[in-house]
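Here is the structure we will look at.
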Amino acid sequence: MDKTYEPHAIEQRWYDTWEKQGYFKPSGPGEGKEESYCILIPPPNVTGTLHMGHAFQHTLQDALIRYHRMRGFNTLWQPGTDHAGIATQMVVERQLDAEGKTRHDLGREDFINKVWEWREYSGGTITQQMRRLGDSTDWSREAFTMDPGFLQAVAEVFETLFDEGLIYRGKRLVNWDPVLHTALSDLEVISEEENGKLWHLRYPLTDGSGHVIVATTRPETMLGDTAVAVHPEDARYAKLIGKTLKLPLTGREVPIIADDYVDPEFGSGCVKITPAHDFNDYEIGKRHDLEMINLFTPDAKVNENAPKKYHGMDRFDARKAVVEDLEATGALVKIDEHKLMVPRGDRSNAVVEPYLTDQWYMKMRHDDPAKDLGGNAIKAVESGDIKFVPGNWSKTYYQWMNNLQDWCISRQLWWGHRIPAWYDNEGNVYVGQGEDHVREKYDLGKIELRQDNDVLDTWFSAALWPFATLGWPEDTKDLETFLPTNVLITGFDIIFFWVARMIMMTLKFKDVVPFHEIYITGLIRDEHGQKMSKSKGNVIDPIDLIDGIELETLVKKRTAGMMQPQLAQKIEKNTRKSFPEGIKPHGTDALRFTLTALASPSRDINFDLGRLEGYRNFCNKIWNAARYVLMNTEDQDCGIENKEMEFSAADRWIQSRLGKTIAEIEKQVKVYRFDLVANAIHDFTWGDFCDWYLELSKPVLQSEESTDAQKRGTRHTLVNTLEALLRVMHPYMPFITEEIWQRVAPLAGKLPSAGAKTIMLQPHPKSSDYAQDATAETEMHWAMEFILGVRRIRGEMNLSPSKPVPVLLEGVSKDDKEILARQAPLVKFLARLESIEVLDGNPPPSAVALMPGGMKIHLPMAGIIDKDAELKRLDKEIEKTEKNLEGCKRKLSNDNFVKNAPGEVVEQERKRVSEMEGTLKELRVQRERIAAL
RNA sequence: GGGUGCUUAGCUCAGCUGGUAGAGCAUCGCCCUUACAAGGCGAGGGUCGCAGGUUCAAACCCUGCAGCACCCACCA
């Protein structure tokens, strides 16, 4: 093996091999549903790029997939991408814009072709990046939400839901994006507080008997007012109800109506009603059968329904003009500063306009249980068929599901699934899978038909992901084998957009849940807890963490193509501060292990570069530990053929520890505590295996006194522990484990002559394969305490670690003696002892380490230990023990504690006190002895 | 307005069903000991946001408060 760990040198090579060999495919038919394990990837935007959130979620998914594949499940990780309607169309339109063209210049067909071209060109980026991450998805099944199969699935679903009355078309007020010229669903509208104004307007009564004052945040909409509302029980206005007002600027006559919606406490208690441009007003308008005057064109310019002078004005220009005119006519009473929630489109950032249009909707709630999409989806979680992890997310889910509005599914775009509906010249609508089918179904003969121009919301097809990817509407073996899938791993940001809708659709069309568990990951933020965003300039590209990036390149990358160039300077400064030397390469395995370790069940996860460096060092540690093992076992007898082996306590101890570690991992994987899985692996590998076991193996292998059987036993244990450990680590660090395993496995007799020569397809070790060895644990614990005791004195006395010292033992019990007989060489080696002698008579002046069992280890001071330093050390030790002892004694002196606490707890406390008292006594004796020198 | 989450060492975070506070990084000593200086050995560092309560015992359970973050919602 190379002397240094170079992730670049190994990673891509192994991925190519795995993919070529078809190792990512499900292992076969399996033994049925119980033997299968399936995860559906949340499909990224086909033209997108990998970000930290993907890296995080993919790491966890791949870990689960590899873990279960190694445990013998018929395992499928279903990959694919989403056509991402608006997002993708916008990208291509922006490109056209650069050429000075619009999509209308090309026409629908050519434009769509252009988008497909763009998909061909850029669609490989994200899948290529997934390969860099080591994702073991079955690429042979890669799906795309506009595949022919999806076209069919979408059409079938649409037709069925339409025929059942669950999809309908209607003219309603929708969220209209005046920049993108399309309707949006409620979810695609982001409302944020902004500074605005509240204009107070005076509307005179038609009969000249006075006026009312109304307030508005959008004065231009007054041109479309068709009423003023007051509360029915508001005494101030009771006698005005039914009278009419003369609307300023237009002169139109509008009624004063009474409606419960009005809050008499707010403002003047009078509300202007613009049914065509406000959701509340729209409802009131329907209740009172008011006229709905649409004021705007699709790009939110004033239309011909307003007075002529405003025609063609943008709505914000119109606002200015209206306010000026109102002021001129004396209708403007006052203007207050006012904070308000402004709704904007999540893609265009344009202020959304409530707008009256014809759209398609999906009915979310229904009295008929068979048609109650929302209700059934709620029940699936309530019943426990679907479990959120962490469980709290079910509350969020319920909160939204219990307030479901019908879903506006049509979009006035070109890129997407065109709605399978046709109109005749009378405006009748016919729905079905294709024009021919429609003609037949409705027996239309040869009349002229025109297909609906709209496409479906991207999330409509995404909602079919669980069954459309597995072959639906065909009745496939895959559906039978893999649905319901086991777990969905995704972020909370798409619980409503995607998760809820998959649950509804899969229940409706397959009558099963799409997945049994939903593991909701936290959101990856930067090291200070800030959301990563282009405009903040704090985005970290996971590929840069893997490959490294020069500072200058990083600065350029972060400041290029800014929407607000003035931010560039600040971003550059912050970037130079955060990464003074750029980012060093860390490799995929280090990144994956870091993300695994960060996967605590919290809502936000701050990405800390320090952790990444730490785990890169961990990879290096593994690499070097492997080098040590190989150096001592390659071309040597590791006991594969010669069965005569003797296992030391250390050999048995490390196997026992490995078993415990695996048990911990088995437990934590089940509950998705990947952070604890990573901890268990890290602690065992570094703390037990490297720090102790490798060191413990040295005296055995290096000593001429060890027998061949002993050496064989240790070599065998070295190789087999490492080999099993690699299999345990593989799901989280696939590349380094494969690279090392290839060399180690043959020594452990594990590389099969036939079958897959990859760690990927080896069985994952089971805790039940490792016997717990209490004797070995006790014995090693004793040896370690001994060694640590000597080291502590050494450390505090600043004794050179390389200088051998003699020790004298006092208070040696029978047990101590037995263990010592076996472990003396080990202890001598690791504690760098010149000699170990059992004391006969009084000890010389010495520094002492106390063993838990009462044995004392004396380090004679003669010439090597400083008296004052030792006194200082003892004082510190005494003080610490006194403090602890006091606490325990206080507890025991409390009668209630002794009376009420469980017996074992009291007993434990008593034992602690007596131990500490003994220790304290010894320390004091020791101090006197030293002080007297 | 309704809901959710967070607050533990200088930093980033663990702490599972209440029983003497942990890790990594950073800091301070001593070491280039033939796997590893991306390392080894040792050390220091926390009245667990604040105030109450329950309990023999609270970082953990309950109540209130403060700060931070997020989600949902139609107040003109």
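Convention: sequence-line order gives letters A, B, ...; per-chain numbering from 1. All values derive from a computational prediction rather than experimental measurement.
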Can you tell me, in whole Å, how much space there is between the [atom1] of [N] and that of [M]?
{"N": "G19(B)", "M": "U34(B)", "atom1": "C1'", "value": "48 Å"}
{"N": "G29(B)", "M": "G64(B)", "atom1": "P", "value": "50 Å"}
{"N": "U8(B)", "M": "G1(B)", "atom1": "P", "value": "28 Å"}
{"N": "G22(B)", "M": "A9(B)", "atom1": "C1'", "value": "10 Å"}
{"N": "G40(B)", "M": "A26(B)", "atom1": "P", "value": "12 Å"}
{"N": "G3(B)", "M": "C25(B)", "atom1": "C1'", "value": "36 Å"}
{"N": "U20(B)", "M": "U27(B)", "atom1": "C1'", "value": "27 Å"}

Report the residues that fulfil ring-ring contact (aromatic ring centres under 6.0 Å, His included) with [X], sequence neighbours left out, ordered by chain and then residue number.
{"X": "F618(A)", "value": "F593(A), H682(A)"}
{"X": "F786(A)", "value": "W782(A)"}
{"X": "W407(A)", "value": "none"}

Cation-aromatic face contact K621(A)/F689(A), 6.0 Å, 45 degrees: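 Pair K621(A)/F689(A) does not count as cation-pi.
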Does the side chain of [X] get closer than 4.0 angstrom to OP1 or OP2 of [N] through an N or O atom?
{"X": "W393(A)", "N": "C70(B)", "result": "no"}
{"X": "R673(A)", "N": "C16(B)", "result": "no"}
{"X": "K698(A)", "N": "U34(B)", "result": "no"}

Between G39(B), C41(B), A35(B), which nucleotide has the shortest distance from any of its atoms to the side chain of C690(A)?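 Comparing G39(B), C41(B), A35(B) against the side chain of C690(A), the answer is A35(B).
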From the list G39(B), A69(B), G42(B), which nucleotide is the closest neighbour of the side chain of D604(A)?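 So the side chain of D604(A) is nearest to A69(B).
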Those residues of residues 626-635 of chain A lying under 4.0 Å from RNA chain B by at least one heavy atom: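 When residues 626-635 of chain A is checked for heavy atoms under 4.0 Å from RNA chain B, the hits, listed by number, are R627(A), Y628(A), M631(A).
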B/S/- contact track for nucleotides 17-24 of chain B, protein heavy atom under 4.0 Å: --BB----
5' to 3', nucleotides 71-76 of chain B under a 4.0 Å protein heavy-atom cut-off (B base, S sugar-phosphate only, - none) gives -SBBBB
My understanding is that only residues two or more places apart in sequence, or in another chain, count here; which of them pass salt bridge (Lys or Arg N to Asp or Glu O under 4.0 Å) with E882(A)?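 For E882(A), the residues satisfying salt bridge (Lys or Arg N to Asp or Glu O under 4.0 Å) (neighbours in sequence not counted) are R924(A).
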Considering residues at least two apart in sequence or located in another chain, which fulfil the salt bridge (Lys or Arg N to Asp or Glu O under 4.0 Å) criterion with E886(A)?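 Here the qualifying residues are R890(A).
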Residue whose nearest RNA chain B nucleotide is more 5′ - R832(A) or R791(A):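 Nearest-nucleotide comparison on RNA chain B picks R832(A).
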Go nucleotide by nucleotide along RNA chain B from the 5' end; which of L788(A) and N896(A) gets its closest nucleotide reached first?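 Checking each residue's closest nucleotide, the 5'-ward one belongs to L788(A).
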Any ion pair linking R792(A) and E877(A) (charged N to carboxylate O, less than 4.0 Å)?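 Salt bridge: no.
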Test: R616(A) and E613(A) ion pair at under 4.0 Å: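 Result for this pair is no, no salt bridge flagged.
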Could you pull out all residues at least two apart from [X] that satisfy side-chain hydrogen bond (donor to acceptor under 3.5 Å, both in side chains)?
{"X": "R794(A)", "result": "none"}
{"X": "E6(A)", "result": "none"}
{"X": "T737(A)", "result": "none"}

Ring centres under 6.0 Å, that's the criterion: do Y615(A) and Y732(A) meet it?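 Not under 6.0 Å, so no.
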Are W393(A) and F388(A) an aromatic pair by the rule of ring centers under 6.0 Å?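 Centroid separation for W393(A) and F388(A): 6.0 Å or greater.
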Please classify the nucleic acid contact of [X] as base, sugar-phosphate, or nothing, using heavy-atom distances under 4.0 Å.
{"X": "E695(A)", "value": "base"}
{"X": "W199(A)", "value": "nothing"}
{"X": "N392(A)", "value": "sugar-phosphate"}

Between [atom2] on [N] and [atom1] on [X], what's the gap in Å once rounded to a whole number?
{"X": "Q636(A)", "N": "A35(B)", "atom1": "CD", "atom2": "P", "answer": "14 Å"}
{"X": "K3(A)", "N": "U34(B)", "atom1": "NZ", "atom2": "P", "answer": "10 Å"}
{"X": "W623(A)", "N": "A37(B)", "atom1": "CH2", "atom2": "C1'", "answer": "19 Å"}
{"X": "I495(A)", "N": "C70(B)", "atom1": "CD1", "atom2": "P", "answer": "17 Å"}

Assess whether one donor atom and one acceptor atom, taken from the side chain of K621(A) and the base of C36(B), lie less than 3.5 Å apart.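 Flag set: donor-acceptor pair detected.
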Please check: side-chain N/O of E915(A) versus main-chain N/O of R912(A), any donor-acceptor pairing under 3.5 Å?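 Checking the backbone N and O of R912(A) against the side chain of E915(A), no donor-acceptor pair under 3.5 Å is found.
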Where RNA chain B forms stems, i.e. three or more consecutive Watson-Crick or G-U pairs with both distances under 3.5 Å: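 Expected stems, ordered by start: B:1-7 with B:66-72, B:10-13 with B:22-25, B:27-31 with B:39-43, B:49-53 with B:61-65.
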